[in-house]
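The structure under discussion appears below in the form of structure tokens.
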Amino acid sequence: MQSDPLSMKKRPFFLRWAWREIRQGQLWLVTLALSLIIACVFALSALVSRVEGIIVSQGRSALAADMVLQSSQAVDLKQLSTNNVTTSQQTRFGTMAFSDNGMQLVSVKAVDVQFPLRGDLRLQAADKSVQHHVKPGELWLSERLFSLLDVNVGDTLMLGDGELTISGRILEDPELSFNPFSQMPAVLINNQDITAIGGVQEGSRLSYRYYFSGSDSALADIRKQFSLTPSQRWLTENDAGRSGDFIERARQYLSLTLVLVVLMASATLVLTCQHYASTRITSVAMMKSLGASRRFLWRWLLQQIAVVFSVAIGVGLLLGFWLEWLLRYPLQQLLPDELPSIGFAPLVISLLLALFISLPALGIPLSRLVNASAMNTVQATQVSTAKFSSVWLLLIFPVLAAVAWIGTNLFVWLTLLGMVVLLVLLALVGIAAIALLKKVKFVSAYALALSRVNRSKAKTATQLAALTCSLMLLAVIGLLRNELLADWKNTLPADAPNVFAINIAPEQQQAYLDYLDANQLARSDGYPVTRGRLVAINEQRFYSTEDKSQSDVLTETSSNTNSERDPALRRELNFTWAKALPSHNDVIAGKWGDSSGVSVESGIAKRLNIKLGDQLAFTVGGLEFSATVNSIRDVEWRNMKPNFYFIFTPDVLQSFPATWLVSFRINDQQSDLLNTLAENYPTVSVLDLRMMATRIQGLLTQVSWSLTVLAGLGVLSGLLLIMTLLRLSISERQTEIQLYRTLGASRKRIAATLWCEYGIIALLAGIIAAIGAEFVVGLLVVKGFELPFTLHPLMWIGLPILAIGLVYLVSRSQIKKLLLPLR
């Protein structure tokens, strides 16, 4: 009858005890670690969710839809079940535009009134009003056509076989195009006007695009219903040319950074929980000697942990909301006005992840604590593991959480596995290095420090591995961020060309270049361009020899099925010749020659299995010729510079007729130069890509800022882990050092020994972490992100200095307390 009142009396006591442990004892470290896990996971998950949503939205805006089907043949969408999916259709073809004062080959984009499904189409009418859709009977011209054709809004323009009135100019087209060779000045009409202008005739070269917008599941159903032919392909934000490449790399970095930050926060929690359990062994032993049962001890500990979790959830979520806002603050000018919603996923993920991580982190050391012997009050003894070996099954929870969270992201799994293997190897290297350092004769403090390190090899190895891991993860996050940003900066630098001039006649070429140089415009070299096809490799022909006019038809005897599907073999390519290869192309095999040679781009060489010394046959204007492969080049197609699949030595190709190409950069204040060029050289096609370059630069800047903020948070998490590790390591020495002081050891001798001990560990950890980080980053950059790898010599110096500096900052105040004698 008295058990209930007694229980009611005990409960407030337990809660008061738990609160006192948080405020004055060691549980505040556990609470802080849990709060940080919840805050970091919540903030990063929310930010990653927002940033990924923005990146995906930007990528899809560049497609003008969530998903696009590109086809050379018309497709009947009625055959597909498009419930809950919005569709739009576009037909592309080239035709001539005639005005009273000129004519111009143009690219016609015939769209319906639904276009675009994503992004913003801005069309300026005569009254300066802005429209966003193309209606029947309307004709919209790109800015350059007004000067090329000498027309104004309201004039009549003959397009193909029909006449349309110019409705206005295209201010912004959401679709991005990056191939200057295939891009002509664009006009927009409605699909209903195709027949009127005679756009579809027998033999016409048409391209169709079908746009879809809807939920991911609905879009996946559409793709399942449709079987692609070799002339069709799906486009999404991940493979939409230039933007898709860095979007996918940004996603990989975001996911990897989030996992590494959680990993470091989890290590902080594990260390603090173990330290808390070790500091409470004497208390538990004393309670057992006074008759406390295991049930009583578990209730005492679990109520403390319940209070810890309650406080950690409150503090962690508040800190997480604030941190997520803080992470977004530098991006305010870059983020859209309407941010994607984060939903409940970050909240659920942060709480479940903290729970699953804390189960083994708290359960294993607390189980050891409950099983501590009452003899620990007078003598430290080993805790038997036989009674609680099943507690190790708690490790299943974080493993399951990792499997559910990381999922099938092979990139992250391989990175984590590689780090584990590498850390084991580096820990062994560290122990061997300490053994070698012992043979070096130095001051007595150095000898005492090494003696202390060698007496507890297991603990030293643990400290060295933990410190090395923290420094290595910190370096990996920072270096990967720098590698990605450097790649993007090189891909599309601030001074990248934004105008292409093509179809320059040979007699105009030198005068055109001189005009650009006279106006101090940064330009590329001039390149002669002629159109042709690759028809054979080592006498193995790709196209039918019976009817070369139908060269899109591939022979059945070709031995390379991949080559039959390669788009480069189904169309004419742009060939050029030069005395030297472009400086922005890297030769990866062979050597450029001066006669009878051709240099091949590495991508098409890999796809078609072209090797050095192969004999390639080409046709230009019905004439066939051959050349020997003398080199293979890496080509960065995204840098908006003139690039080619095949570059010939002059003797092979210069006898064929060609026009010239040059790219250059202008700023907004030099726009009049384009008009002057158009007037002086009316036959030259000038492609103004400034709007496209600005949009790509804006997206790059946005992603770059996001990666910078995430990398900064990762670095802070690593520093927190390192500081926690050092504080706990030094505090474990308290009784030992104070006993030395009581027995008469001088403060100077003990301080020098401690500084040498932790200095040696920090120096080794910094050096080993630099080795490990260089190795991990090299693998990730080359295998994961497919980028060239470069060494980072500054890290080899900076990481050991950082480790020693952190040891000094954290240890300075702690060592002063340790030097006080026991009272």
Side-chain angles (χ1 to χ4, degrees), residues 60-71 74-78 82 85-100 104-177 183-201 204 206-214 691-692 695:
R60 291 182 174 181
S61 294
L63 285 175
D66 294 338
M67 184 175 71
V68 178
L69 173 63
Q70 183 176 302
S71 176
V75 175
D76 185 6
L77 294 184
K78 296 179 179 179
T82 57
V85 174
T86 305
T87 62
S88 177
Q89 179 177 340
Q90 179 187 116
T91 304
R92 295 187 181 188
F93 55 93
T95 191
M96 292 299 297
F98 300 90
S99 69
D100 294 338
Q104 176 67 42
L105 182 64
V106 297
S107 174
V108 179
K109 296 168 64 175
V111 300
D112 55 23
V113 292
Q114 299 291 333
F115 179 87
L117 303 183
R118 296 289 292 266
D120 189 18
L121 175 64
R122 298 176 65 241
L123 308 170
Q124 187 181 64
D127 59 359
K128 303 300 181 181
S129 63
V130 176
Q131 299 182 26
H132 301 281
H133 299 281
V134 180
K135 300 174 183 177
E138 294 181 343
L139 172 63
W140 303 89
L141 307 185
S142 60
E143 183 65 37
R144 295 298 305 138
L145 281 174
F146 285 94
S147 58
L148 291 173
L149 297 173
D150 192 17
V151 292
N152 296 303
V153 177
D155 291 350
T156 299
L157 188 69
M158 176 171 282
L159 197 63
D161 296 333
E163 291 185 350
L164 291 172
T165 302
I166 300 174
S167 305
R169 62 194 72 227
I170 304 171
L171 295 180
E172 182 176 351
D173 187 345
E175 290 185 293
L176 297 181
S177 177
Q183 190 178 69
M184 295 173 284
V187 303
L188 285 175
I189 64 172
N190 191 275
N191 272 330
Q192 296 181 21
D193 299 317
I194 293 179
T195 303
I197 66 173
V200 179
Q201 299 178 6
S204 298
L206 303 176
S207 173
Y208 300 90
R209 291 198 173 197
Y210 299 90
Y211 301 86
F212 303 87
S213 182
M691 183 182 298
M692 178 205 314
R695 291 179 59 193

> Rounded to the nearest 0.5 Å, what separation is found between the CZ atom of Arg92 and the OH atom of Tyr208?
Replying inline: 13.5 Å
> Roughly how far, to the nearest 0.5 Å, is the OG atom of Ser71 from the CG atom of Leu69?
Replying inline: 6.0 Å
> For Asp150, which residues count as a side chain to side chain donor-acceptor pair (under 3.5 Å) partner, sequence neighbours excluded?
Replying inline: Asn101
>> So which atom in Leu141 and which in Val151 form the shortest heavy-atom distance, rounded to 0.1 Å?
In response: CD1-CG2, 4.1 Å
> For the residue pair Ile170 and Ser142, what are the closest heavy atoms and their distance?
Replying inline: CD1-N, 3.9 Å
> Taking C-beta and beyond as the side chain, do Pro116 and Asp173 meet within less than 4.5 Å on heavy atoms?
Replying inline: no
> Which atom pair, heavy atoms only, marks the closest approach of Thr86 to Leu117?
Replying inline: O-CD1, 3.4 Å
> Taking atom CD of Gln131 and atom OG of Ser167, what is their separation to the nearest 0.5 Å?
Replying inline: 7.5 Å
> For Gly214, does its backbone N or O pair with a side-chain atom of Asp66 as donor and acceptor, under 3.5 Å?
Replying inline: yes
> What's the shortest heavy-atom distance between Ala186 and Leu145, and which atoms?
Replying inline: O-CD1, 3.7 Å
> Can you tell me how far the CZ atom of Arg169 sits from the CG atom of Leu123, to the nearest 0.5 Å?
Replying inline: 11.5 Å
> Residues two or more places apart in sequence or in another chain: which of them pass side chain to side chain donor-acceptor pair (under 3.5 Å) with Asn152?
Replying inline: none
> What's the spacing between Lys109 NZ and Ile189 CD1 if we round to 0.5 Å?
Replying inline: 12.0 Å
> Looking only at heavy atoms, what is the nearest atom pair of Asn190 and Val134, with distance?
Replying inline: ND2-O, 2.9 Å
> Roughly how far, to the nearest 0.5 Å, is the CG atom of Asp100 from the CG atom of Leu149?
Replying inline: 10.5 Å
>> If you compare all heavy atoms of Ala97 against all heavy atoms of Val106, which two are closest, and at what distance to 0.1 Å?
In response: CB-CG1, 4.0 Å
> Got a sec, which pairs hit ring-ring contact (aromatic ring centres under 6.0 Å, His included) with one end in residues 115-150, sequence neighbours left out?
Replying inline: Phe115-Tyr211
> Side chains of Leu159 and Asp193: closer than 4.5 Å at any heavy-atom pair?
Replying inline: no
